[in-house]
Structure formats: structure tokens, C-alpha cells
Amino acid sequence: MITRFAPSPTGPLHLGHAFSAMVAHDMARNGGTFLLRIEDIDRSRARSHWEQAIFDDLAWLGLGWPRPVIRQSERLPAYRAALARLRDMGLTYACTCTRRDIAEAASAPQEGATHGPDGLIYPGACKHAGHGDSGAAIRLHMDRALTLTGDIAYRETAGSHRTVTRSAQEMIDGIGDIVLARRDMGTSYHLSVTVDDAAQGVTCVTRGADLADATPIHVCLQRLLGLSSPAYHHHRLIRDDAGKRLAKRDDARAIAAYRAEGVSPADLRRLVGLSPPGP
Ligand code: GLU
Ligand code: ZN
């Protein structure tokens with residue numbers, strides 16, 4: 001089995017990241033492979049000192065991973081190729097809407113704004129507009145895509161193993177025409193993660209339950225691109241004392257802060273409810 005931890009170098013790793021990395025590393029402990037991937041497509045937020053901090057924190061936790069580490073910022077040609085393939089299949093369109101255009105269209109009385117994994121579900125103004133690609137975001141024509149794939153199903157291995165299914169109608173109503181390529185990046189989280197998990201031969205994607213809503217998107221893209229689907233392990237989230245999900249700005253929960261206080265990696269495992277690592 002091959003699994004991975006795929007942080008974005010946009011801030012300090014906190015307790016929730018440590019948990020995610022340790023869960024993935026533990027899963028690979030009997031002959032599997034634990035990969036580290038740097039998800040730095042957002043050049044406006046990624047910083048090399050945060051990348052270095054990721055390496056330092058994970059090494060301090062006692063985790064090891066194969067080198068060289070893949071950086072998404074070096075993989076743009078692969079994302080462009082996947083996007084071109086979807087475009088050639090007639091499954092994409094260019095969208096020139098601003099955030100504000102989308103918010104206004106979604107707040108029109110007949111629309112009844114609904115939210116998906118990426119925020120407001122795109123109301124579709126540009127769908128048949130025939131805009132040129134340059135300077136525009138590229139969206140997935142979700143209903144057309146689903147006529148090719150049918151319902152979306154994947155294997156969930158957190159808790160009792162089961163198959164999770166999203167019907168084509170649920171995908172259209174609850175997710176909609178997601179962005180495949182942002183105008184400033186030429187790709188998106190969804191496209192990059194799908195292309196890279198396949199390219200790295202990942203057989204089990206380990207990540208937090210907060211990303212579970214994005215998984216049917218990735219499985220849909222795998223089907224469209226002819227890629228095999230990994231299993232998914234969406235682990236529980238580590239919350240702060242008030243029960244809120246930890247965010248990057250929760251510096252108090254930064255691994256670096258625990259390190260500075262003299263907390264040991266074994267203490268951290270206990271703190272997040274993981275048993276000591278096996279021999
Ligand atoms: N890069 C994403 C993050 O930092 C995680 C991506 C994934 O695990 O699929 O939240
Ligand atoms: Zn648009």
C-alpha cells in the first residue's frame with residue numbers, strides 16, 4: 001500500500017496535521033510506503049520557510065519518507081495535460097465570473113443559494129457563453145461528465161469499511177461545476193490532487209474528514225481521466241478545547257510550539273489519542 005501526507009506550506013503545521021501525518025505513517029508501517037507531497041500551487045500563500053518547517057516538524061515526529069519530495073508547483077505540465085484531455089472531451093468551459101458575480105447570481109430569489117465543497121455552487125452564467133480560455137477560470141461541465149461516469153462510488157476505510165456512493169443527481173445538485181483551473185494558477189486543488197495521487201501510485205488517500213466532501217469530485221475526475229481509484233481513509237479531526245476544528249492560524253497548537261515547550265513526540269501521540277508506535 002502507498003499512502004501520503006500532502007500539506008500546503010502556507011503556515012505552521014499544527015496538532016491536526018501531526019495527527020494526519022502520524023495516522024498515514026502508521027498505516028504504512030507494515031511494508032507500506034508513506035509519501036510526503038508539498039501542495040504549493042497557491043504561489044501567493046506558499047513560502048519556502050513553511051516548507052522547511054514541515055520537513056523539520058515531521059522529522060522531529062520521527063517520520064521518514066522517500067526523497068525526492070514532489071512539489072506541485074513543479075508539476076504544472078501534468079495538470080495542463082489532464083485539463084487538455086478534459087477539454088478535448090468537451091467537459092470544460094471558461095468562466096469569467098468574479099466571486100461577487102457568483103454571490104449575486106446565487107442570491108437571486110429563484111436560485112436559493114446552496115453550498116458545496118468549494119463554497120457557493122456555481123449558478124452557471126458562463127456555461128453556454130463560449131468565453132475564450134485566456135484569463136478565465138476553467139470549470140467542469142458536471143452534468144456532461146456524469147453522463148460518462150454514472151454514479152460515483154469509492155471505498156472508505158475509516159471506521160467500518162464500506163462503499164460510499166454519490167448519485168449523479170447529488171453531484172449536480174450538491175457540488176456542481178467546480179473549478180478545474182483557477183485563472184491565477186492554471187490548476188486547482190481538485191485537479192492537482194487527482195493527477196498526483198495517480199502519478200504517485202497512491203492506493204490509500206489519508207486525510208481529514210473535512211475533505212470527504214471533495215472526494216467524489218476526485219473520483220469523478222479519476223473516471224474521466226482513466227485513472228484507477230485509491231481507497232480513502234478520512235480520519236477524525238483534532239479539535240481545540242472549545243470543540244472547533246484547528247486552523248493554520250492556531251499558532252498555540254503549532255507543533256513547533258509544543259517542541260519549544262519540551263513536549264516529546266510520544267506525548268503528542270498520546271495527546272491526539274494515538275497508541276505508541278509499534279516496534
Ligand atoms: N493540501 C491539502 C491541505 O493542506 C490536503 C490535500 C489532501 O490531503 O488531499 O489541506
Ligand atoms: Zn462564470
Side-chain angles (χ1 to χ4, degrees), residues 3-14 16-21 23-24 27 34-42 45-47 50-51 53-54 57-58 69-73 75 92-106 111 117-118 120-133 135-141 154 158 176-183 185 187-198 200 202 204-219 221-222 230-235 237-238 245-249:
T3 190
R4 78 331 183 253
F5 176 56
S8 298
T10 56
L13 291 190
H14 57 56
H17 294 109
F19 178 69
S20 197
V23 166
M27 291 204 316
F34 166 81
L35 298 177
L36 173 64
R37 181 172 71 226
I38 300 294
E39 302 215 319
D40 58 350
I41 53 174
D42 188 343
R45 295 173 60 220
R47 297 288 178 271
W50 291 129
E51 182 183 296
I54 290 170
D57 284 342
L58 296 181
V69 167
I70 279 189
R71 278 192 199 91
Q72 290 193 321
S73 57
R75 301 256 311 141
T92 66
Y93 63 90
C95 171
T96 58
C97 295
T98 61
R99 263 173 211 282
R100 184 155 164 207
D101 294 335
I102 295 172
E104 280 172 5
E111 286 290 345
D118 293 344
L120 280 175
I121 293 173
Y122 184 60
C126 295
K127 200 166 192 150
H128 304 289
H131 296 304
D133 288 357
I138 307 297
R139 290 186 180 273
L140 177 67
H141 220 301
Y154 65 89
D177 293 351
I178 51 104
V179 170
L180 291 169
R182 281 171 50 170
R183 77 186 88 203
M185 291 180 190
T187 186
S188 63
Y189 161 62
H190 300 306
L191 187 65
S192 304
V193 95
T194 302
V195 168
D196 286 345
D197 283 333
Q200 295 189 281
V202 169
C204 181
V205 169
T206 306
R207 61 186 174 203
D210 54 334
L211 287 170
D213 287 345
T215 296
I217 301 170
H218 305 167
V219 176
L221 293 175
Q222 288 152 13
Y232 287 84
H233 187 93
H234 295 111
H235 59 70
L237 300 178
I238 302 300
R245 187 155 72 79
L246 296 180
K248 281 246 160 88
R249 57 191 171 283

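Residue numbers run from 1 in the order of the sequence given. Whatever order the structure lists them in is the order used to number ligands and atoms, beginning at 1. Since this is a predicted model, take the numbers as computed values, not measurements.
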Exercise for the section: Spell out, as yes or no, whether a donor-acceptor pair under 3.5 Å connects the side chain of Ser8 to the backbone of Glu39. Expected result: yes
Handout entry: salt_bridge(Glu51, Arg47) N-O dist < 4.0 Å
Key = no
Practice task
Establish, yes or no, whether the cationic atom of Arg4 lies under 6.0 Å from the six-membered ring centre of Phe34 and within 45° of the ring axis.
Solution key: no
Exercise for the section: Using non-hydrogen atoms of the residue, decide whether Tyr189 is closer than 4.0 angstrom to ligand 1. Expected result: yes
Problem - Ligand-side contact atoms (ligand 1) for residue partner Val193, heavy atom cut-off under 4.0 Å - result: 9 (O)
Handout entry: Close N or O approach (Ala6, ligand 1; < 3.5 Å)
Key = yes
Handout entry: Donor-acceptor contact below 3.5 Å, side chain Thr206 vs main chain Ala24
Key = no
Exercise for the section: Could you tell me which atoms of ligand 1, counted from 1 in the order shown, lie closer than 4.0 angstrom to a heavy atom of Glu39? Expected result: 1 (N), 2 (C), 5 (C), 6 (C)
Problem - Single hit among Asp197, Thr187, Asp40 for side chain to side chain donor-acceptor pair (under 3.5 Å) with Ser192 - result: Thr187
Fill in the blank from the handout: For Arg4, the atoms of ligand 1 under 4.0 Å from one of its heavy atoms are 7 (C), 8 (O), 9 (O)
Practice task
Scan His131, Arg139, Arg183 and name whichever one has a side chain to side chain contact (heavy atoms under 4.5 Å, CB included) with Cys95.
Solution key: Arg139
Handout entry: All side-chain contact (heavy atoms from CB on, under 4.5 Å) counterparts of Leu211, not counting sequence neighbours
Key = Tyr189, Arg207
Completion exercise
A correct count of protein N/O/S atoms found below 2.8 Å of the Zn ion (ligand 2) gives 4
Practice task
Look at the rings of His17 and His14 and say which category their plane angle falls in: under 30° parallel, 30 to 60° tilted, over 60° perpendicular.
Solution key: tilted
